[in-house]
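Here's the structure we're looking at; comments come further down.
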Amino acid sequence: MVGTRKYADLADLGLGPDGKPMLDSDAPEVDRAAFGFRTRQTTSPPDSTENIVQEFVTIPLDHFGNGAGTFENRFWVAESGYKPGGPVFIYDVGEANAENSALTRLKNGTSFFKQIVDQFGGIGIVWEHRFYGISTPEPINLQTQPKAFKYHNTMQALADVPYFARNFSRPNINADLTPGSTPWIFIGGSYPGMRAAFMRKFYPETIFASYASSAPVQASTDMSFYFEPVYRGLNHYGWGNCTSDIKAAIKYIDRAMLSPRKAAAIKRQFLGRGAENNSNAVFADALSTIFWYWQSYGVEYLLRDFCDHIATDPKTGKTSPAQGWAPSKGPEFVLQQWATWRDFATNVNDFLETNCEGQTRPDVNPALLPDCDLNRQFTDPASIAWTWQYCTEWGFLQSANLGPNQIVSSWNSLQHQKDICHRQFPTGRRSGLLPEWPRTAETNRKFGGWDIRPSNTYWSGGEFDPWRTLSPLSSEPFAPRVQEIQSIPACGATTSRNKIFGYNIANAQHCYDFRTTFAPGAVSRKYFTDALSQWLECFDGGDLGEYDRVRKTMRSS
């Protein structure tokens with residue numbers, strides 16, 4: 001799902017999607033303009049006055065071939081908390097512009113990353129992933145051709161880190177900071193959490209230990225089950241009346257849109273004039289945007305207001321019973337409630353980069369037909385780059401969760417989700433670089449999928465995190481049954497396939513242990529820091545020839 005990484009970063013920093021603090025006392029200062037907000041939040045000044053600037057390292061574009069050229073990869077370093085002998089910690093931002101949050105991660109006392117770095121007297125690095133931010137060989141926009149993404153893949157991006165680490169030094173520190181003499185610790189959540197596990201798997205001499213939060217390491221073309229934890233979580237948090245009405249409305253829509261006349265009427269009902277020109281598939285996708293904040297904020301942002309609106313009878317002010325309004329008032333009543341929710345069209349416009357008027361916008365000129373095109377390519381550079389990654393390697397296509405818990409229209413099909421890939425890169429197939437479907441089987445053979453068990457790695461997840469469905473901590477019926485253990489494995493020892501060193505946080509969603517505004521997250525972080533304290537006792541240096549060995553192996557494969 002593109003467009004959500006910005007909100008994940010904001011949530012990690014204790015901020016809502018509007019950039020305002022979730023908890024004033026805990027929210028750090030952050031450059032809100034970098035996230036698209038016009039003012040600056042100053043409720044909590046930075047704890048560090050260290051002058052941290054962006055730096056660059058020249059990296060080969062192709063680690064496993066010759067002659068592809070180089071690019072400049074950006075990073076930031078904090079060394080004010082360093083004590084002789086301390087580790088190097090690298091926080092991977094992943095599929096986003098790292099500049100938006102780098103200084104807050106490194107300087108603010110409420111940042112979990114700074115807390116861990118300072119606890120161990122370490123050096124902190126924030127790393128920008130290749131092809132995101134300005135760490136890219138050329139600008140990324142709608143004119144960027146598929147050939148530019150030839151080296152934009154997980155294996156190439158992993159190799160960037162050991163290439164960088166084996167020559168890392170700081171002019172103010174008289175110590176060998178390379179992995180040959182100093183332990184390097186890799187920390188990431190979501191896709192960067194996957195990278196944390198893969199770094200330890202492929203480059204264990206570079207990365208001594210890893211923290212993999214909410215890491216969906218199993219590639220899967222079909223990720224319709226993304227919405228199952230959303231449904232379960234809403235019910236668990238007391239919104240069963242809302243989910244009942246959503247289900248009823250979706251079933252009604254699925255049937256009604258078999259008729260072109262009814263489909264056109266429903267689209268206009270929800271999104272106003274011009275909406276009828278959209279296909280059933282893209283309209284169904286637009287309906288699912290109400291769930292796109294869930295992974296970062298649960299029910300507290302957007303969904304709470306949506307469910308309150310759905311549940312309140314506009315004439316009597318009464319709240320719907322446990323089974324919702326549909327059994328007594330009919331699904332048409334629920335559709336009208338949904339369509340008149342004041343933020344629906346705005347939310348669709350924000351995520352799908354369109355301009356639908358909806359039912360409630362006061363700024364629409366009735367003489368002009370709104371440009372309500374739901375089938376547009378993404379223009380955000382990070383969204384374009386991430387779409388390339390999931391469309392080529394990982395899948396993660398979030399179609400309708402058909403079955404008893406269905407809250408997404410069946411018109412939002414797997415075929416439609418695949419078509420988004422080819423909509424975004426219309427010349428991709430012709431170039432031979434974009435597959436018809438993501439190469440998930442090949443990806444799992446290469447990286448290990450469910451069965452990956454690198455040593456010195458801690459895994460975490462959230463009970464209602466949609467991405468835990470593809471993590472080794474998954475509890476879905478199609479996932480392997482794995483026992484979570486909190487006893488610390490011996491340094492360098494892997495667990496069996498049916499055990500994993502990790503912790504699933506109750507009443508939590510995506511990467512909730514990375515936010516210090518969420519108190520239970522401290523429990524998860526302590527499992528990692530306790531393990532790291534024990535593991536560090538066995539560090540005896542890494543092998544700087546490891547990068548060359550992996551490079552040779554990949555070139556011959």
Can you list, pair by pair, the side-chain donor-acceptor contacts under 3.5 Å of residues 247-254, counting residues two or more places apart and other chains?
| residue | atom | partner | partner atom | Å |
| --- | --- | --- | --- | --- |
| Lys247 | NZ | Pro404 | O | 2.8 |
| Asp254 | OD1 | Ser409 | OG | 2.6 |
| Asp254 | OD1 | Ser410 | N | 3.1 |
| Asp254 | OD1 | Ser410 | OG | 3.4 |
| Asp254 | OD2 | Gln406 | NE2 | 3.1 |
| Asp254 | OD2 | Ser410 | N | 3.2 |
| Asp254 | OD2 | Ser410 | OG | 3.0 |

Pairwise salt bridge (Lys or Arg N to Asp or Glu O under 4.0 Å) hits with a residue in residues 493-506, at least two apart | Asp451-Arg497

Name the orientation class of the two ring planes belonging to His152 and Phe149 (parallel below 30°, tilted from 30 to 60°, perpendicular beyond 60°).
-> tilted

Residue of the set Thr440, Thr443, Thr154 for which side-chain hydrogen bond (donor to acceptor under 3.5 Å, both in side chains) holds with Trp394 | Thr154

Side chains of Ser213 and Ser460: is there a donor and an acceptor less than 3.5 Å apart?
-> yes

Hits for salt bridge (Lys or Arg N to Asp or Glu O under 4.0 Å) against Arg423, two or more places apart or cross-chain, chain-then-number order -> none

Report the relative orientation of the aromatic rings in Trp386 and Tyr191; use parallel for angles under 30°, tilted for 30 to 60°, perpendicular for over 60°.
-> tilted

Proximity of Tyr203 and Tyr163 rings by center, below 6.0 Å = no

Compute the centroid of each ring, for Trp411 and then for Phe283, and state whether the two points are separated by less than 6.0 Å.
-> no

Excluding sequence neighbours, so at least two apart, what forms salt bridge (Lys or Arg N to Asp or Glu O under 4.0 Å) with Glu484?
-> none

Relative to each other, are the rings of Phe478 and Trp450 parallel, tilted or perpendicular (30° and 60° limits)?
-> tilted

Side chains of Asp160 and Gln156, donor plus acceptor under 3.5 Å = no

Is it true that the side chains of Tyr231 and Glu228 contain a donor and an acceptor less than 3.5 Å apart?
-> no

Sequence-distant partners of Thr243, side chain to side chain donor-acceptor pair (under 3.5 Å), two or more places apart = Asn235

Using distance alone, with no hydrogens and no angle criterion, decide if Arg468 and Ser214 have a side-chain donor and acceptor under 3.5 Å apart.
-> no

Minimum side-chain heavy-atom gap Phe447-Glu393 below 4.5 Å = yes

Between Phe208 and Phe539, how do the two ring planes meet: parallel, tilted or perpendicular, split at 30° and 60°?
-> perpendicular

Qualifying salt bridge (Lys or Arg N to Asp or Glu O under 4.0 Å) pairs with a residue from residues 229-241, counting only residues at least two apart or across chains = Arg232-Glu476

Would you call the rings of Tyr527 and Tyr458 parallel, tilted or perpendicular if under 30° counts as parallel and over 60° as perpendicular?
-> tilted

Mind checking whether Phe164 and Trp127 have parallel, tilted or perpendicular rings, split at 30° and 60°?
-> tilted

Parallel, tilted or perpendicular: which fits the ring planes of Phe120 and Phe89, with parallel below 30° and perpendicular above 60°?
-> tilted

Ignoring hydrogens and angles, state whether a donor on the side chain of Asn412 or Gln417 is under 3.5 Å from an acceptor on the partner side chain.
-> yes

Phe528 and Tyr211 aromatic centres sub-6.0 Å | yes

Could you tell me how the ring of Tyr226 sits relative to the ring of Trp467: parallel (under 30°), tilted (30 to 60°) or perpendicular (over 60°)?
-> perpendicular

Shortest non-hydrogen pair, Asp285 vs Ile420, comes out as OD2-CD1, 3.6 Å

